Novice: 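Quick one: structure below, then a few questions.
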Amino acid sequence: MKVHIMLFGQLADITGVDKITVENTLDTDSMVKSLQNTYPSLTQSTFVIAVDKKIISANTLLTDQCTVALLPPFSGG
Amino acid sequence: MTEKKIKNIFIAGPVTADFIGKSIQNHSSKKDIGGHSIFLGQIRADKIDGKEVAAIEYTCYEEMANEKMHEIREAIFAKYNLTCMHVYHSLGKVATGEISLFVFTSSKHRKAAINACEELVENIKSSLPIWGKELFTNETYQWKENK
(Lines give C-alpha, C1' and ligand atoms only; values in the text may rest on other atoms or scores of the structure.)
Protein backbone atom coordinates (compact mmCIF):
# COMPACT_ATOMS: atom_id res chain seq x y z
CA MET A 1 0.00 0.00 0.00
CA LYS A 2 1.40 3.37 -1.03
CA VAL A 3 0.51 6.69 0.55
CA HIS A 4 1.64 10.02 -0.87
CA ILE A 5 2.50 12.69 1.67
CA MET A 6 2.75 16.39 0.84
CA LEU A 7 4.27 19.02 3.11
CA PHE A 8 3.66 22.73 2.68
CA GLY A 9 4.96 26.09 3.88
CA GLN A 10 7.26 26.00 6.88
CA LEU A 11 6.83 22.22 7.18
CA ALA A 12 8.53 21.71 3.82
CA ASP A 13 11.06 24.32 4.90
CA ILE A 14 12.09 22.67 8.18
CA THR A 15 12.14 19.10 6.86
CA GLY A 16 13.67 19.89 3.48
CA VAL A 17 11.08 17.71 1.69
CA ASP A 18 7.72 18.54 0.12
CA LYS A 19 6.72 15.10 -1.20
CA ILE A 20 7.27 11.65 0.26
CA THR A 21 5.78 8.29 -0.63
CA VAL A 22 5.52 5.79 2.22
CA GLU A 23 4.48 2.15 2.28
CA ASN A 24 2.46 0.23 4.83
CA THR A 25 1.09 3.04 6.90
CA LEU A 26 -2.27 2.22 8.39
CA ASP A 27 -3.75 5.49 9.55
CA THR A 28 -2.95 9.19 9.92
CA ASP A 29 -1.87 8.90 13.58
CA SER A 30 0.78 6.27 12.88
CA MET A 31 1.84 8.12 9.73
CA VAL A 32 2.43 11.34 11.70
CA LYS A 33 4.30 9.46 14.42
CA SER A 34 6.60 7.85 11.89
CA LEU A 35 7.16 11.20 10.11
CA GLN A 36 8.03 12.82 13.44
CA ASN A 37 10.58 10.07 14.08
CA THR A 38 12.22 10.82 10.74
CA TYR A 39 11.85 14.60 11.06
CA PRO A 40 11.94 15.49 14.79
CA SER A 41 11.37 19.19 14.00
CA LEU A 42 7.77 18.27 13.09
CA THR A 43 6.99 17.52 16.74
CA GLN A 44 7.21 21.30 17.42
CA SER A 45 5.01 22.23 14.46
CA THR A 46 1.36 23.16 14.25
CA PHE A 47 -0.56 21.67 11.34
CA VAL A 48 -3.85 20.17 10.23
CA ILE A 49 -4.11 17.11 8.02
CA ALA A 50 -6.02 16.74 4.77
CA VAL A 51 -6.69 13.29 3.31
CA ASP A 52 -7.45 13.53 -0.39
CA LYS A 53 -7.95 17.29 0.02
CA LYS A 54 -10.43 17.04 2.90
CA ILE A 55 -9.36 18.25 6.33
CA ILE A 56 -9.80 15.55 8.96
CA SER A 57 -10.30 16.05 12.69
CA ALA A 58 -9.69 12.51 14.00
CA ASN A 59 -7.46 9.56 13.22
CA THR A 60 -8.32 8.34 9.72
CA LEU A 61 -7.65 5.03 7.98
CA LEU A 62 -5.57 5.41 4.84
CA THR A 63 -6.10 3.68 1.54
CA ASP A 64 -3.74 2.71 -1.27
CA GLN A 65 -2.63 5.72 -3.38
CA CYS A 66 -4.30 8.28 -1.16
CA THR A 67 -2.72 11.69 -0.63
CA VAL A 68 -2.14 13.06 2.83
CA ALA A 69 -1.23 16.73 3.15
CA LEU A 70 0.25 18.41 6.21
CA LEU A 71 -0.99 21.98 6.27
CA PRO A 72 0.57 24.60 8.56
CA PRO A 73 -1.57 27.62 9.59
CA PHE A 74 -2.92 29.40 6.51
CA SER A 75 -1.70 32.87 5.61
CA GLY A 76 -3.29 33.79 2.31
CA GLY A 77 -4.78 37.14 1.45
CA MET B 1 -26.81 31.78 -10.18
CA THR B 2 -24.32 28.97 -9.66
CA GLU B 3 -21.22 28.06 -11.58
CA LYS B 4 -20.30 24.39 -11.68
CA LYS B 5 -16.84 24.54 -13.19
CA ILE B 6 -13.91 24.75 -10.77
CA LYS B 7 -12.00 27.92 -11.56
CA ASN B 8 -8.34 28.60 -11.02
CA ILE B 9 -8.03 31.65 -8.77
CA PHE B 10 -4.23 31.85 -8.89
CA ILE B 11 -2.14 34.20 -10.94
CA ALA B 12 1.65 34.50 -11.03
CA GLY B 13 2.95 37.60 -9.28
CA PRO B 14 0.98 40.70 -8.25
CA VAL B 15 -2.53 41.61 -9.37
CA THR B 16 -1.97 44.69 -11.54
CA ALA B 17 -4.09 47.86 -11.65
CA ASP B 18 -4.50 47.18 -15.36
CA PHE B 19 -5.98 43.72 -14.67
CA ILE B 20 -8.36 45.18 -12.06
CA GLY B 21 -9.39 47.99 -14.42
CA LYS B 22 -10.10 45.54 -17.23
CA SER B 23 -12.15 43.35 -14.88
CA ILE B 24 -14.34 46.34 -14.02
CA GLN B 25 -14.61 47.28 -17.71
CA ASN B 26 -15.74 43.72 -18.56
CA HIS B 27 -18.92 44.32 -16.54
CA SER B 28 -20.13 47.36 -18.46
CA SER B 29 -22.25 45.15 -20.73
CA LYS B 30 -24.08 43.61 -17.74
CA LYS B 31 -26.83 46.17 -17.39
CA ASP B 32 -28.65 44.45 -14.51
CA ILE B 33 -25.74 45.24 -12.14
CA GLY B 34 -26.33 48.21 -9.83
CA GLY B 35 -23.29 47.91 -7.56
CA HIS B 36 -19.85 46.38 -7.31
CA SER B 37 -17.84 45.72 -4.20
CA ILE B 38 -14.09 45.25 -4.45
CA PHE B 39 -11.53 44.19 -1.86
CA LEU B 40 -7.84 44.53 -2.62
CA GLY B 41 -5.26 43.00 -0.31
CA GLN B 42 -1.99 44.92 -0.41
CA ILE B 43 1.41 43.84 0.94
CA ARG B 44 2.25 45.90 4.01
CA ALA B 45 5.83 46.80 4.98
CA ASP B 46 5.52 45.40 8.52
CA LYS B 47 8.43 45.96 10.89
CA ILE B 48 9.20 42.87 12.95
CA ASP B 49 12.09 42.90 15.45
CA GLY B 50 13.74 45.76 13.60
CA LYS B 51 13.43 44.01 10.21
CA GLU B 52 11.18 45.34 7.47
CA VAL B 53 9.08 43.21 5.11
CA ALA B 54 10.09 43.74 1.48
CA ALA B 55 7.79 41.18 -0.16
CA ILE B 56 5.65 38.12 0.51
CA GLU B 57 6.24 34.92 -1.43
CA TYR B 58 3.06 32.86 -1.75
CA THR B 59 2.73 29.12 -2.22
CA CYS B 60 -0.41 27.00 -2.02
CA TYR B 61 -1.92 23.55 -2.26
CA GLU B 62 -3.45 24.52 -5.57
CA GLU B 63 -5.88 21.68 -6.20
CA MET B 64 -7.28 21.81 -2.68
CA ALA B 65 -7.45 25.62 -2.64
CA ASN B 66 -9.39 25.73 -5.91
CA GLU B 67 -11.79 23.02 -4.75
CA LYS B 68 -12.33 24.77 -1.42
CA MET B 69 -12.84 28.09 -3.21
CA HIS B 70 -15.44 26.40 -5.39
CA GLU B 71 -17.35 25.32 -2.25
CA ILE B 72 -17.11 28.84 -0.80
CA ARG B 73 -18.27 30.32 -4.10
CA GLU B 74 -21.32 28.04 -4.26
CA ALA B 75 -22.26 28.85 -0.66
CA ILE B 76 -21.94 32.61 -1.24
CA PHE B 77 -24.01 32.45 -4.44
CA ALA B 78 -26.66 30.52 -2.51
CA LYS B 79 -26.70 33.05 0.35
CA TYR B 80 -26.56 36.35 -1.54
CA ASN B 81 -28.33 37.58 -4.62
CA LEU B 82 -25.22 38.18 -6.71
CA THR B 83 -24.80 38.74 -10.41
CA CYS B 84 -21.05 38.11 -10.48
CA MET B 85 -18.18 36.97 -8.29
CA HIS B 86 -14.48 36.97 -9.11
CA VAL B 87 -11.55 36.02 -6.90
CA TYR B 88 -7.85 36.20 -7.76
CA HIS B 89 -4.89 35.43 -5.52
CA SER B 90 -1.21 35.84 -6.26
CA LEU B 91 1.39 33.10 -6.21
CA GLY B 92 5.11 33.74 -6.03
CA LYS B 93 6.67 36.99 -4.99
CA VAL B 94 4.60 40.14 -4.40
CA ALA B 95 6.44 43.27 -3.22
CA THR B 96 5.21 45.70 -0.57
CA GLY B 97 2.66 48.11 -2.02
CA GLU B 98 1.53 45.56 -4.61
CA ILE B 99 -1.81 43.72 -4.63
CA SER B 100 -2.00 40.00 -3.78
CA LEU B 101 -5.77 39.48 -3.41
CA PHE B 102 -8.59 40.76 -5.59
CA VAL B 103 -12.19 39.97 -4.62
CA PHE B 104 -14.91 41.42 -6.81
CA THR B 105 -18.66 40.96 -6.29
CA SER B 106 -21.52 42.53 -8.22
CA SER B 107 -25.24 42.65 -7.60
CA LYS B 108 -28.42 44.45 -8.53
CA HIS B 109 -28.45 46.36 -5.22
CA ARG B 110 -25.38 47.29 -3.16
CA LYS B 111 -25.95 45.35 0.11
CA ALA B 112 -25.57 41.88 -1.43
CA ALA B 113 -22.31 42.81 -3.14
CA ILE B 114 -20.87 44.50 -0.03
CA ASN B 115 -21.79 41.72 2.41
CA ALA B 116 -20.78 38.91 0.06
CA CYS B 117 -17.41 40.56 -0.58
CA GLU B 118 -16.66 40.85 3.12
CA GLU B 119 -17.67 37.25 3.84
CA LEU B 120 -15.59 36.01 0.90
CA VAL B 121 -12.46 37.78 2.14
CA GLU B 122 -12.85 36.29 5.63
CA ASN B 123 -13.39 32.80 4.19
CA ILE B 124 -10.43 33.10 1.83
CA LYS B 125 -8.13 34.09 4.68
CA SER B 126 -9.31 31.38 7.08
CA SER B 127 -10.00 28.41 4.78
CA LEU B 128 -7.73 28.39 1.73
CA PRO B 129 -4.45 26.45 1.97
CA ILE B 130 -2.18 29.35 1.00
CA TRP B 131 1.05 30.29 2.74
CA GLY B 132 2.95 33.55 2.73
CA LYS B 133 6.65 33.78 3.46
CA GLU B 134 7.56 37.30 4.59
CA LEU B 135 10.84 38.25 2.97
CA PHE B 136 12.71 40.96 4.85
CA THR B 137 14.90 43.65 3.34
CA ASN B 138 17.97 42.00 4.94
CA GLU B 139 17.22 38.74 3.03
CA THR B 140 16.03 36.77 6.06
CA TYR B 141 12.42 35.54 6.17
CA GLN B 142 9.65 34.27 8.39
CA TRP B 143 6.40 32.39 7.70
CA LYS B 144 3.34 34.56 8.05
CA GLU B 145 0.29 33.51 10.08
CA ASN B 146 -3.18 35.02 9.60
CA LYS B 147 -4.65 36.69 12.67
Side-chain angles (χ1 to χ4, degrees), chain A residues 2-22 25 27-29 31-32 34-36 38-77, chain B residues 6 9-11 15 39-44 46 53 56-72 87-92 94 98-103 117-135 140-147:
Chain A
K2 278 193 172 137
V3 170
H4 306 285
I5 305 172
M6 299 170 86
L7 291 90
F8 291 93
Q10 59 267 57
L11 303 181
D13 206 8
I14 58 174
T15 59
V17 291
D18 57 3
K19 272 183 193 148
I20 317 164
T21 300
V22 296
T25 188
D27 53 32
T28 49
D29 279 1
M31 188 210 78
V32 167
S34 129
L35 268 182
Q36 286 173 335
T38 315
Y39 305 101
S41 51
L42 285 179
T43 53
Q44 312 291 325
S45 305
T46 307
F47 55 85
V48 294
I49 295 172
V51 177
D52 291 330
K53 294 174 273 178
K54 299 285 173 214
I55 290 174
I56 56 155
S57 51
N59 190 23
T60 301
L61 283 175
L62 298 173
T63 54
D64 189 33
Q65 299 300 333
C66 73
T67 299
V68 182
L70 272 58
L71 314 174
F74 303 155
S75 52
Chain B
I6 293 183
I9 64 165
F10 295 104
I11 55 175
V15 182
F39 176 83
L40 301 173
Q42 175 167 305
I43 307 300
R44 190 176 51 234
D46 271 347
V53 172
I56 293 182
E57 190 174 0
Y58 289 102
T59 52
C60 72
Y61 183 2
E62 192 163 328
E63 260 185 276
M64 183 179 163
N66 282 323
E67 277 185 29
K68 185 72 197 170
M69 188 62 230
H70 183 75
E71 283 173 29
I72 294 170
V87 174
Y88 297 95
H89 197 295
S90 295
L91 281 186
V94 185
E98 293 183 323
I99 304 297
S100 60
L101 173 63
F102 173 29
V103 178
C117 186
E118 185 181 358
E119 195 169 324
L120 271 169
V121 173
E122 295 307 315
N123 284 342
I124 288 163
K125 284 191 164 276
S126 66
S127 314
L128 295 191
I130 301 171
W131 298 278
K133 191 162 123 175
E134 292 174 316
L135 309 174
T140 58
Y141 68 87
Q142 78 167 22
W143 290 92
K144 187 175 169 259
E145 207 168 307
N146 279 351
K147 304 273 179 320

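Fair warning: this is a prediction, and the values are worked out from it, not measured in the lab. Chain letters run A, B, ... following the sequence lines, proteins first and then strands; every chain starts at 1.
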Novice: For B:Y88, which atoms come within 4.5 Å of any heavy atom of chain A: side chain, backbone, both, or neither?
Specialist: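 Neither part.
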Novice: Looking at side-chain heavy atoms only, is the closest gap between B:L101 and B:L40 below 4.5 Å?
Specialist: no
Novice: Which residue out of B:G41, B:S90, B:S100, B:P129 racks up the most heavy-atom pairs below 4.5 Å with chain A?
Specialist: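 Of B:G41, B:S90, B:S100, B:P129, B:P129 has the most heavy-atom pairs under 4.5 Å with chain A.
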Novice: Answer whether the closest heavy-atom distance between the side chains of A:V17 and A:Y39 falls below 4.5 Å.
Specialist: yes
Novice: I'd like to check B:T140 versus B:L135 (side-chain heavy atoms, cut-off strictly below 4.5 Å). Are they in contact?
Specialist: no
Novice: So do the side chains of B:N66 and B:F10 get within less than 4.5 Å of each other, counting heavy atoms only?
Specialist: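 B:N66 vs B:F10: side chains touch.
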Novice: For chain B, which residues of residues 4-11 of chain A have at least one non-hydrogen atom nearer than 4.5 Å to it?
Specialist: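 Within residues 4-11 of chain A, the residues under 4.5 Å from chain B are A:M6, A:F8, A:G9, A:Q10.
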Novice: Between B:S127 (side chain only) and B:I124 (backbone N and O only), is there a donor and an acceptor less than 3.5 Å apart?
Specialist: no
Novice: Yes or no on side chain to side chain contact (heavy atoms under 4.5 Å, CB included) for B:L120 and B:M69, after CA distance, side-chain angles and deciding distance?
Specialist: CA-CA 9 Å; B:L120 271 169; B:M69 188 62 230; 3.7 Å; yes
Novice: Could you tell me whether a side-chain N or O of A:D27 sits under 3.5 Å from a main-chain N or O of A:N59, the two making a donor and an acceptor?
Specialist: no
Novice: Distance-only, no hydrogens or angles: does the A:S57 side chain make a donor-acceptor pair with backbone N or O of A:I55 under 3.5 Å?
Specialist: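 It does not hold such a pair.
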Novice: Report yes if the side chains of B:I11 and B:H89 come closer than 4.5 Å at any heavy-atom pair, otherwise no.
Specialist: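 With C-beta onward as the side chain, the pair stays apart.
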Novice: Compare all side-chain heavy atoms of B:R44 with those of B:V53 and state whether any distance is below 4.5 angstrom.
Specialist: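 The answer is no; the side chains never approach within 4.5 Å.
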Novice: If you check every heavy atom in residues 57-65 of chain B against those of chain A, which residues fall under 4.5 Å?
Specialist: B:Y58, B:C60, B:Y61, B:E63, B:M64
Novice: Is any side-chain heavy atom of B:I72 less than 4.5 Å from a side-chain heavy atom of B:N123?
Specialist: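 Yes, side chains in contact.
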Novice: Any luck finding a side-chain donor-acceptor pair between B:N146 and B:K144 under 3.5 Å?
Specialist: yes
Novice: Should B:I56 and B:K133 be marked as a side chain to side chain contact (heavy atoms under 4.5 Å, CB included) after you check the CA-CA gap, both sets of side-chain angles, and the distance that decides it?
Specialist: CA-CA 5 Å; B:I56 293 182; B:K133 191 162 123 175; 5.7 Å; no
Novice: Within the 4.5 Å heavy-atom criterion, are A:T25 and A:L62 side-chain neighbours or not?
Specialist: yes
Novice: Would you please test A:L35 and A:I20 for side chain to side chain contact (heavy atoms under 4.5 Å, CB included) and show each step?
Specialist: CA-CA 10 Å; A:L35 268 182; A:I20 317 164; 3.6 Å; yes
Novice: Going by residue number, which parts of residues 69-77 of chain A are within reach of chain B, meaning a heavy-atom gap below 4.5 Å?
Specialist: A:A69, A:L71, A:P72, A:P73, A:F74, A:S75, A:G76, A:G77
Novice: Anything in residues 45-53 of chain A with a heavy-atom distance to chain B below 4.5 Å? Please list those residues in order.
Specialist: A:A50, A:K53
Novice: Tell me whether the count of non-hydrogen atoms from other residues, nucleotides or ligands lying under 6.0 Å of CD in B:Q42 goes above 12.
Specialist: yes
Novice: Under the side chain to side chain contact (heavy atoms under 4.5 Å, CB included) criterion, do A:V22 and A:K2 qualify, and how do the steps go?
Specialist: CA-CA 6 Å; A:V22 296; A:K2 278 193 172 137; over 6 Å; no
